[in-house]
K.L.:
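Handing you a structure now.
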Amino acid sequence: LSRLQRRVKAVTEALESMRTRTALEVALFEVWNDLRWYFRRSRTPCKKVLLDVAKTWVRLLAPYAPFMCEELWSMYHEEGEFVSLAPYPEPHMEDRDERAEFREVLVKEVLDDIMSILKVVKMESPKKAYVYTAEDWSYTVLKEALAQKEGLDIGALMRRLSLDAEMREHMKEAAAYLKALAKDIHAMDEVKVGGFLKTGWSREDERELLREAADFLSREVGLSVVVDPPERHPKAASARPMRPAIIIE
């Protein structure tokens, strides 16, 4: 439902600026992709949620497929004879749940990463996928970096981090991480950036999320997915916040 409000807002803004093709792409394909993900993630989809989405979806698509949408609308026994006379959907921002959206983005990215690795790895009958979250210090570094609204000043940030007693032993790793961040921080997904900052995201939050999603990930990839096993693999050092290291065995 939260993603739906995001789509309604995007469609409305596109239509108001006469970007009709963009509006159609969001209304048709993005809502459908959100629904497909919901069906994959939920073993027992909520009928009320699906009905609410369907009612909104039909009204979003009515300007583009009026005859089909009129037929679909009549099936819902709505008040009013025509969908063309029904009010166009408005985004209800109070229904937005940025934390929920953020968590789902992370789960989907981990799934995509595992699938990508399986496509290129030359291994007969892999059995397990080990997922390692990043070290605690890296979450501190990323929060400080994202909080800089006027661009990433690595020197100033390093000086500020050096004042933190817990960070001093990780300054060399922090410098390397910041150097890599400088290249792609502006391209980071807005849902991830907003969710990371607004939720005070931590390693423990990420570990809890991935462990909750482990059964789902295992079903999707056909492997046993293990999150942060007791023995840490040397390659786990490459893990970063919101981008865990993945080892296939």
K.L.:
Assess whether side chain to side chain contact (heavy atoms under 4.5 Å, CB included) is satisfied between V141 and E144, documenting all intermediate values.
P.N.:
CA-CA 5 Å; V141 173; E144 292 286 345; 6.0 Å; no

K.L.:
In sequence, state the C-alpha distance, the side-chain angles, and the governing distance for R19 and E13, and then conclude on salt bridge (Lys or Arg N to Asp or Glu O under 4.0 Å).
P.N.:
CA-CA 8 Å; R19 293 180 291 118; E13 291 175 348; 5.6 Å; no

K.L.:
What heavy-atom pair brings P229 and V226 nearest, and what distance separates the two atoms?
P.N.:
CB-CG1, 4.1 Å

K.L.:
Quick one: do L223 and V107 end up in the same hydrophobic cluster if we chain Ile, Leu, Val, Met, Phe, Trp and Tyr together by side-chain heavy atoms under 4.5 Å apart?
P.N.:
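Per the 4.5 Å side-chain linkage, L223 and V107 are co-clustered.
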
K.L.:
Just to verify, what does W137 make a side-chain hydrogen bond (donor to acceptor under 3.5 Å, both in side chains) with, not counting sequence neighbours?
P.N.:
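In terms of side-chain hydrogen bond (donor to acceptor under 3.5 Å, both in side chains), with neighbours along the sequence ignored, W137 is linked to no residue.
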
K.L.:
Determine the sole option in V58, D34, L4 for which the side chain to side chain contact (heavy atoms under 4.5 Å, CB included) test with V53 is passed.
P.N.:
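Result for side chain to side chain contact (heavy atoms under 4.5 Å, CB included) with V53: L4.
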
K.L.:
Output yes when a side-chain donor or acceptor of Y132 lies under 3.5 Å from a complementary backbone atom of R232, and no otherwise.
P.N.:
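Not confirmed, Y132 side chain does not pair with R232 backbone.
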
K.L.:
Test side chain to side chain donor-acceptor pair (under 3.5 Å) on D205 and S202 and set out the steps.
P.N.:
CA-CA 5 Å; D205 292 325; S202 67; 3.1 Å; yes

K.L.:
If I compare all heavy atoms of A86 with all of R59, which pair ends up nearest, and what's the gap?
P.N.:
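For A86 versus R59, the nearest heavy atoms are CB-CD, 4.1 Å.
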
K.L.:
Is the shortest side-chain heavy-atom distance between R96 and R6 below 4.5 Å?
P.N.:
yes

K.L.:
Which atom pairs, donor and acceptor, lie under 3.5 Å between side-chain atoms of residues 238-249 and protein residues at least two apart or in another chain?
P.N.:
from, atom 1, to, atom 2, distance (Å)
S238, OG, K235, O, 2.8
R240, NH1, A237, O, 3.3
R243, NE, D113, OD2, 2.8
R243, NH2, D113, OD1, 3.4

K.L.:
Do E104 and K108 sit within salt-bridge range, that is, some charged N less than 4.0 Å from a carboxylate O?
P.N.:
no

K.L.:
Give a yes or no answer on whether the side chain of S17 reaches the backbone of A14 with a donor-acceptor pair at less than 3.5 Å.
P.N.:
yes

K.L.:
Please confirm whether the backbone N or O of V227 pairs with a side-chain atom of R207, one donor and one acceptor, at under 3.5 Å?
P.N.:
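Looks like no, no N/O pair under 3.5 Å.
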
K.L.:
Linking I/L/V/M/F/W/Y whenever any side-chain heavy atoms sit under 4.5 Å apart, do Y177 and L157 land together?
P.N.:
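Yes: a chain of side-chain contacts under 4.5 Å links Y177 to L157.
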
K.L.:
Step through it carefully: locate the ring centre of W37, locate the ring centre of F216, and say whether they are under 6.0 Å apart.
P.N.:
yes

K.L.:
Should L178 and M158 count as side-chain neighbours, where that means a heavy-atom distance under 4.5 Å?
P.N.:
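Contact flag for L178/M158 side chains = yes.
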
K.L.:
Hey, are the side chains of L161 and T140 touching, using non-hydrogen atoms and a 4.5 Å cut-off?
P.N.:
yes

K.L.:
Determine, step by step, whether L24 and L61 satisfy the side chain to side chain contact (heavy atoms under 4.5 Å, CB included) criterion, reporting the C-alpha distance in whole Å, the side-chain angles of both residues, the deciding distance to 0.1 Å, and the verdict.
P.N.:
CA-CA 7 Å; L24 174 58; L61 291 172; 4.2 Å; yes

K.L.:
Do Y38 and R3 make a side-chain contact, defined as non-hydrogen atoms from C-beta onward lying under 4.5 Å apart?
P.N.:
no

K.L.:
Any non-hydrogen side-chain atom of L50 less than 4.5 Å from a side-chain atom of L35?
P.N.:
yes

K.L.:
Is any side-chain heavy atom of L51 less than 4.5 Å from a side-chain heavy atom of K55?
P.N.:
yes

K.L.:
Donor-acceptor pair, distance only, cut-off 3.5 Å: does the side chain of E70 make one with the backbone of S84?
P.N.:
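Checking the backbone N and O of S84 against the side chain of E70, a donor-acceptor pair under 3.5 Å is found.
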
K.L.:
Tell me the closest heavy-atom pair linking Y139 and A134, and the distance in Å.
P.N.:
CE1-O, 3.5 Å

K.L.:
For residues 165-178, which residue pairs pass the salt bridge (Lys or Arg N to Asp or Glu O under 4.0 Å) check, not counting sequence neighbours?
P.N.:
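Checked against salt bridge (Lys or Arg N to Asp or Glu O under 4.0 Å) - neighbours excluded - no pair reaches residues 165-178.
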
K.L.:
Going only through I, L, V, M, F, W and Y residues with side-chain contacts under 4.5 Å, is there a path from M18 to L15?
P.N.:
no

K.L.:
Does the salt bridge (Lys or Arg N to Asp or Glu O under 4.0 Å) test come out yes or no for K48 and D52, once each step is laid out?
P.N.:
CA-CA 6 Å; K48 182 180 184 304; D52 287 345; 3.0 Å; yes

K.L.:
Does atom CE of M68 have more than 12 heavy-atom neighbours, drawn from other residues, nucleotides or ligands, at distances under 6.0 Å?
P.N.:
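No - once you tally the heavy atoms of other residues, nucleotides and ligands closer than 6.0 Å, there are 12 at most.
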
K.L.:
Check whether more than 12 heavy atoms from other residues, nucleotides or ligands sit under 6.0 Å from atom NZ of K9, and answer yes or no.
P.N.:
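Not buried by this count: 12 neighbours or fewer within 6.0 Å.
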
K.L.:
Please confirm whether the backbone N or O of G194 pairs with a side-chain atom of E98, one donor and one acceptor, at under 3.5 Å?
P.N.:
no

K.L.:
Carefully, step by step, assess S224 and K127 under the rule side chain to side chain contact (heavy atoms under 4.5 Å, CB included).
P.N.:
CA-CA 6 Å; S224 175; K127 301 296 184 183; over 6 Å; no

K.L.:
Around atom CD of E90, are there more than 12 heavy atoms of other residues, nucleotides or ligands at under 6.0 Å?
P.N.:
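Count not over threshold, so no.
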
K.L.:
Below 30° counts as parallel, above 60° as perpendicular, anything between as tilted: where do the rings of F102 and W201 land?
P.N.:
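Perpendicular, since the angle between the ring planes exceeds 60°.
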
K.L.:
Of all the heavy-atom pairs spanning L217 and L111, show the shortest one and how long it is.
P.N.:
CD2-CB, 3.7 Å

K.L.:
Run the side chain to side chain contact (heavy atoms under 4.5 Å, CB included) check on E16 and T12 step by step: do they pass?
P.N.:
CA-CA 6 Å; E16 289 176 346; T12 301; 3.6 Å; yes

K.L.:
Can you tell if the side chain of V131 reaches within under 4.5 Å of the side chain of D228, non-hydrogen atoms only?
P.N.:
no

K.L.:
Sub-3.5 Å donor-acceptor pair from the side chain of S2 to the main-chain atoms of D97, do we have one?
P.N.:
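Here the side-chain-to-backbone pair exists.
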
K.L.:
Is there a path of hydrophobic side-chain contacts, each under 4.5 Å between heavy atoms of I/L/V/M/F/W/Y residues, joining V11 to L1?
P.N.:
yes

K.L.:
Determine the minimum heavy-atom distance between K143 and L197, stating which atoms define it.
P.N.:
O-CD2, 4.1 Å

K.L.:
Determine the minimum heavy-atom distance between A213 and R41, stating which atoms define it.
P.N.:
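The pair with the smallest heavy-atom distance is CB-NH1, 4.2 Å.
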
K.L.:
Under 3.5 Å, side chain of S218 to main-chain N/O of A214, donor-acceptor pair present?
P.N.:
yes

K.L.:
Is there a side-chain contact between M188 and V193 in this structure, where contact means two heavy atoms from C-beta onward sitting under 4.5 Å apart?
P.N.:
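The answer is yes; the side chains approach within 4.5 Å.
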
